[in-house]
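Heads up, the thing below is written out as structure tokens.
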Amino acid sequence: MVTFYCPNCWRELKHDAVTCPACGTDISRFWASMSYKKKLIHALGHPEPTTVMRVAWLLGEMKVEKAVPNLICLIDKTTDIYIALEVTRALGKINTPQCRQALAGLTRHPASMIHREAGKILNNNADRT
Ligand SMILES: [Zn+2]
């Protein structure tokens, strides 16, 4: 079964909800007010980890530079190592100076899966320039 969430406060909703009973958000108006990229960035706050991982992957593939501060913020606060890994890879694909700075910091991440990936990405990106 598909679970529906309020896009504003991420509470669970009935599938036919028009407004969120918790925060009063008009669901369709909320989504209509945003561009596709903005929706993706917003969805980094989604309660389901698999959705967040997919979104991080997409943002990296699409090289959405506007997502970089949100990605960096997410990797700072997530305790999910797989989300952190997908965000690390997204930063590598977007590859702005801010991304490279964040990746350099991630080479000191306590999880070896993350610091090794960050180091590998920085090496690979350096080879390409
Ligand atoms: Zn809500």
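All residue numbers in this chain count up from 1 along the given sequence. Read the numbers this way: they start at 1 and go in the same order the structure lists the ligands and their atoms.
Cluster annotation: Val55 and Met34 are assigned to distinct hydrophobic clusters (Ile/Leu/Val/Met/Phe/Trp/Tyr, side-chain heavy-atom contacts under 4.5 Å, transitive).
For residues 69-88, no residue pair satisfies the side-chain hydrogen bond (donor to acceptor under 3.5 Å, both in side chains) rule, not counting sequence neighbours.
Around the CD atom of Gln101, the shell of radius 6.0 Å holds no more than 12 heavy atoms that belong to other residues, nucleotides or ligands.
Listed for the Lys63 side chain is a donor-acceptor partner under 3.5 Å among the backbone atoms of Lys93.
Side-chain atoms of Asn95 and Arg100 include a donor-acceptor pair closer than 3.5 Å.
If you look at the Zn ion (ligand 1), the protein N, O or S atoms less than 2.8 Å from it are Cys6 SG, Cys9 SG, Cys20 SG, Cys23 SG.
Using cut-offs of 30° and 60° for the angle between ring planes, the Phe4 and His15 rings count as tilted.
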